[in-house]
Amino acid sequence: MLRGNRRKIIAMVLIMTMLSGCKAANQTNEVSHNVEEDVILSAFIQQSISSDSGIWYGWAAQKLYEDTNIKVDFYATGTQVEQRLKQYIAAGTLPDIIGFKDLDQAQMAMDAGLLLPLDDYKEQLPAIFETKQYQKAIAYTQEYASDDTGKLYIMPTSIGPVSSNAYNWMPLLQWDAYKKVGSPGIETLEDYLDVVEKMVKAKPLTDQGEEVYGFSLFSDWDKYSALEIAALSFFYGIDTEYVSPLMETDVVKNETNSILRDNSIYKRALKFYFSANQRGLLDPDSRTQSYSNLEKKYSEGRIMFSWFSWLTGTYNDISSGHVNNEQQPDGYMNIPADDMKIYEAPDQTIGRNWYFAISKNCKYIDKALEFVNWIYDPEVEQYLYNGPEGCVWERGSDGEPRVTQEGWEIVDHKTEDIMPLSEGGSLQDGIYPFNALGFQASTVMKDGYTISYRYWPSSRGPRDTIAQKEVNEMLGTGTIAEYLYENDMVAKSSMAVNMIPTASDEMKSKIGAIGEVVRDISWKMVYAEDENQFEDLWDEMVTKAQSLGMDQVEAYYREAWEAALEKASAYE
C-alpha cells in the first residue's frame, strides 16, 4: 500500500491471536541493516493502474527495506499513462524503475537510449541470470526485443505455466438476481440482453436505493479501439489486444483479420452494447467514467454483467457479506453462454509483454540493480505472494504448505489492513504495486508446490463460497475449468500472441490515425439513435480507416502473425 492510504482499525482479536507467531516469522526474515544510507528509488509501474502515489509502506515494503535499505516512491499511473511516459521520454528523465505494459512502450524508451542494459550487470543480478525458468525469456527478449542490439534492456514478467482455472475473460452475472428470474439458459452472447433486462426489473435499485444498470463500461484503457467492448471477443477465443487492438486473432484457427470486417466480433460487440443502450440497460456514464468509478459501482452491486473474472469490485469479497450469506447468497458468478470458447492464455515460457527496466540515468544504479534482483528472486516472490511463513501459512510435517485458519481470515479480508506484522497492511499489498512479478502465480517451486497459495492443493475446492457452490451445482462440475473442458469451451492460445514485433514508425503513424477514428466512431455507434445510424456510422468508420491505410495495417499484422507462429514453435 502507499502512504496516502489510511489504515482501518479492524480485526483486533485476530491480530492479538496471531501476533506472537507472526512476530517470530517477521524476526526470522529480518536482515541486519548495513551502515549505508537509505535510498529512495522512484518507480513508474504502468502495469498497475492506480491513482495512488507516494512511498510504499506495509509488510512487503518493510521486507524490501530490511533486505536492501531501499524505499520505493511510486508515481501515480491512473489514466493516460502512455502520455506521461512520452513526456518522461521527451525530457530524457525516466523514473528509476519503469514498468512497461507492452513492447511498443518499451521500444520508445529503447529508441531514445534511456534504458540500462541489464546483461552488463550479470554479477549484480544473479536472481535473473541464474534462475533456470527465466532463461528462455531472457534469450527471446535479447534476440527479438532488444532494438537489434542483443542486449537485455527489459525483463519480462509472468514467466511460467498458466493455471487451468485462471480465466481472465469470463461472463459474470449477479447470482441472486439471476436466480430470481429463473436461472434461464444462455445460448449466445445476445441472450444476455434478455436475461439481464429481466434481472434489472427484478432488482432496479440496490438496498441503498441506488440505480442498477445491466451493463457499464469505461474508456480509460482505450488505445486503438473501444477496448472494453472489444474484450468480448475473448469469450470466443479471439484476441483483440496482444497482437493488435485493430486485429482479431483467432487462436483456434490461428488466423488474424481486421476488426473492421463486416462479420467481425468487434461489430457484434458494438451491436451488443448498442442494443443494451436501446433497451435502457447501459450505464450512460460508460464512455466518460474512469475505471475507478466503475469499480466502485461493482462494489455497490449496481451492475448486473461483467466481462472480466476479476471485475467485481469488493462485492465478491468475503467481508462484503454476499457470497457466504446463508439466507441470500450472492456475488458475480461465472455464467458462460453455450456457444462460447473462453480464451485461455498460453503458458508463458518467454513471459508476457509486461516488463521491468532501469533508467540509464538513475542516480543510484547499484541500488536499482539490487531492487530488480530482489523483485525477481524466487524466494522474495514467494514471500510477496503469501506473506511470511508462520503468519498466513505454515508447512505441515509432510512438507505441504497450507494457509492456516487465521490466515484465511487475512486472505478473505483482502481490502482490509489486517496483516498482523509491525507494518501491517493487507495480504495483496505484496503484489498490488507491481501487478505482475517474475513468476506466474502457478509456477511450481523446488518443493513441488506452486509459488502462490492460490493453487496449493489445500486451497482448492473446499474453500468455495456458498454462491460458488450453487453455481457449480447448476453447472454439474466442481470448477468452471472442468465445465469448460468437458463441454469443449476452451480456446488455448499460443505464445505467438506475445511475439509480434513493434511496427515501423510509418506503420505506427497509420495505426495511430486509424485508432483515433475507430475509438471515436465506436462510441458513437454504441449511443446511436437507431439501427440505421448505427450502420451508417460503421460504414463511415470503415471508409475512413481504409483511406488511412487499414488494408496495409491488416497485411502487416497477417505477415507478423505468421512469423510469430513460426517463432513460437521454438519456445513452446
Side-chain angles (χ1 to χ4, degrees), residues 47 49 101-102 158 162-173 186-192 215-261 263-273 276 291 294 305-312 332-348 352-354 435-436 440 480-481 483-485 487-500 518 522 557 561 564:
Q47 299 97 313
I49 305 295
K101 63 178 183 177
D102 62 40
S158 304
V162 173
S163 172
S164 62
N165 65 347
Y167 297 103
N168 188 57
W169 298 269
M170 175 67 67
L172 309 178
L173 293 175
I186 300 175
E187 295 182 0
T188 70
L189 174 67
E190 289 71 22
D191 287 347
Y192 288 99
F215 306 90
S216 190
L217 295 161
F218 66 102
S219 58
D220 290 14
W221 300 354
D222 288 0
K223 192 170 184 180
Y224 304 128
S225 67
L227 193 64
E228 302 316 309
I229 296 172
L232 297 184
S233 70
F234 287 91
F235 294 165
Y236 294 92
I238 295 173
D239 162 54
T240 49
E241 183 175 351
Y242 299 108
V243 173
S244 168
L246 293 178
M247 301 295 291
E248 294 187 352
T249 304
D250 188 320
V251 300
V252 176
K253 297 179 180 178
N254 272 343
E255 63 182 34
T256 189
N257 295 286
S258 164
I259 64 171
L260 301 183
R261 289 175 304 133
N263 64 343
S264 67
I265 191 70
Y266 187 63
K267 186 177 184 182
R268 183 180 177 186
L270 289 170
K271 186 68 172 291
F272 178 81
Y273 283 113
Y291 167 77
L294 176 71
F305 175 91
S306 176
W307 63 97
F308 283 139
S309 61
W310 46 266
L311 184 53
T312 62
Y332 290 98
M333 296 289 122
N334 37 262
I335 314 290
D338 295 342
D339 72 337
M340 290 181 171
K341 267 193 175 304
I342 304 296
Y343 181 98
E344 184 175 275
D347 290 337
Q348 309 282 9
R352 64 180 299 180
N353 286 345
W354 285 4
N435 204 344
Q440 291 267 39
I480 184 61
Y483 175 80
L484 295 176
Y485 271 99
N487 291 279
D488 192 25
M489 295 172 66
V490 176
K492 181 68 174 179
S493 185
S494 162
M495 274 302 303
V497 297
N498 291 332
M499 294 179 168
I500 305 298
V518 173
S522 291
Y557 279 111
W561 174 245

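No experiment lies behind these values; they were computed from the predicted model shown.
- The two residues Asn498 and Asn353 have their closest heavy-atom pair at O-OD1, 3.3 Å.
- Checking side-chain atoms of Asn334 against main-chain N and O of Leu172 turns up no donor-acceptor pair under 3.5 Å.
- Every residue two or more places apart in sequence or in another chain was checked for a side chain to side chain donor-acceptor pair (under 3.5 Å) with Tyr192, and none qualifies.
- No side-chain heavy atom of Leu260 sits less than 4.5 Å from a side-chain heavy atom of Lys267.
- Of all heavy-atom pairs spanning Met495 and Gln348, the tightest one is SD-OE1, 3.3 Å.
- Here the CZ-CD distance, from Arg268 to Glu248, works out to 11.0 Å after rounding to the nearest 0.5 Å.
- With contacts defined as side-chain heavy-atom distances shorter than 4.5 Å, the pair Ser493/Tyr242 does not qualify.
- Atom CE of Met489 is separated from atom CD of Glu344 by 13.0 Å, given to the nearest 0.5 angstrom.
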### Task
Check step by step if side chain to side chain contact (heavy atoms under 4.5 Å, CB included) holds for Ile480 and Ile342.
CA-CA 11 Å; Ile480 184 61; Ile342 304 296; over 6 Å; no

### Task
May I have the step-by-step check of side chain to side chain contact (heavy atoms under 4.5 Å, CB included) for Phe234 and Asp239, ending in yes or no?
CA-CA 6 Å; Phe234 287 91; Asp239 162 54; 3.4 Å; yes

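- Using a 30° and 60° split on the angle between ring planes, Phe218 and Trp221 fall in the perpendicular class, above 60°.
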### Task
Just do the side chain to side chain contact (heavy atoms under 4.5 Å, CB included) check on Phe272 and Ile229 with the steps written out, would you?
CA-CA 9 Å; Phe272 178 81; Ile229 296 172; over 6 Å; no

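- For Tyr291 and Glu228, the side-chain atoms include no donor-acceptor pair closer than 3.5 Å.
- At distances below 3.5 Å, at least one donor-acceptor pair connects side-chain atoms of Thr240 with backbone N or O atoms of Ala230.
- Looking only at side-chain heavy atoms (C-beta outward), Glu241 and Trp169 come within less than 4.5 Å of each other.
- Annotation for Glu190: atom CD counts as buried by contact number, over 12 foreign heavy atoms lying within 6.0 Å.
- In plain terms, the two heavy atoms of Trp307 and Ser216 that are nearest each other are CZ3-O, 3.2 Å.
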### Task
Begin from the C-alpha positions of Val497 and Tyr343 and carry the test side chain to side chain contact (heavy atoms under 4.5 Å, CB included) through to its verdict.
CA-CA 12 Å; Val497 297; Tyr343 181 98; 3.8 Å; yes

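- Closest of all the heavy-atom pairs between Leu311 and Leu294 is CD2-CD2, 4.2 Å.
- A donor-acceptor pair is defined here as one N or O able to donate and one able to accept, closer than 3.5 Å; such a pair exists between the side chain of Ser309 and the backbone of Tyr167.
- Atom CD1 in Ile335 sits 13.5 Å away from atom CG in Asp191 (nearest 0.5 Å).
- Rounded to the nearest 0.5 Å, atoms OG (Ser244) and OH (Tyr557) are 4.0 Å apart.
- Lys271 NZ to Ile265 CD1: the interatomic distance, rounded to the nearest 0.5 Å, is 13.0 Å.
- For the pair Ser494 and Val251, the minimum side-chain heavy-atom distance is 4.5 Å or more.
- The shortest distance between side-chain heavy atoms of Asn168 and Trp310 falls below 4.5 Å.
- Interatomic distance, CE of Met247 versus CD1 of Ile238, reported as 11.5 Å (0.5 Å rounding).
- Contact between Leu484 and Met170 at its shortest, heavy atoms only, is CD1-CE, 3.9 Å.
- Using a 3.5 Å distance cut-off with no hydrogens or angles, the side chains of Tyr236 and Asp339 do pair a donor with an acceptor.
- Side-chain atoms of Ser233 and Tyr266 form no donor-acceptor pair, as typed in the model, at a separation below 3.5 Å.
- Side-chain atoms of Lys492 come within 3.5 Å of backbone N or O of Ala345 as a donor-acceptor pair.
- Considering only heavy atoms from C-beta on, Tyr273 comes within 4.5 Å of Leu232 through its side chain.
- Annotation: side chain of Phe305 is in contact with side chain of Leu173 (closest heavy-atom distance under 4.5 Å).
- Across all non-hydrogen atoms, the minimal contact from Pro171 to Met340 is CG-SD, 3.8 Å.
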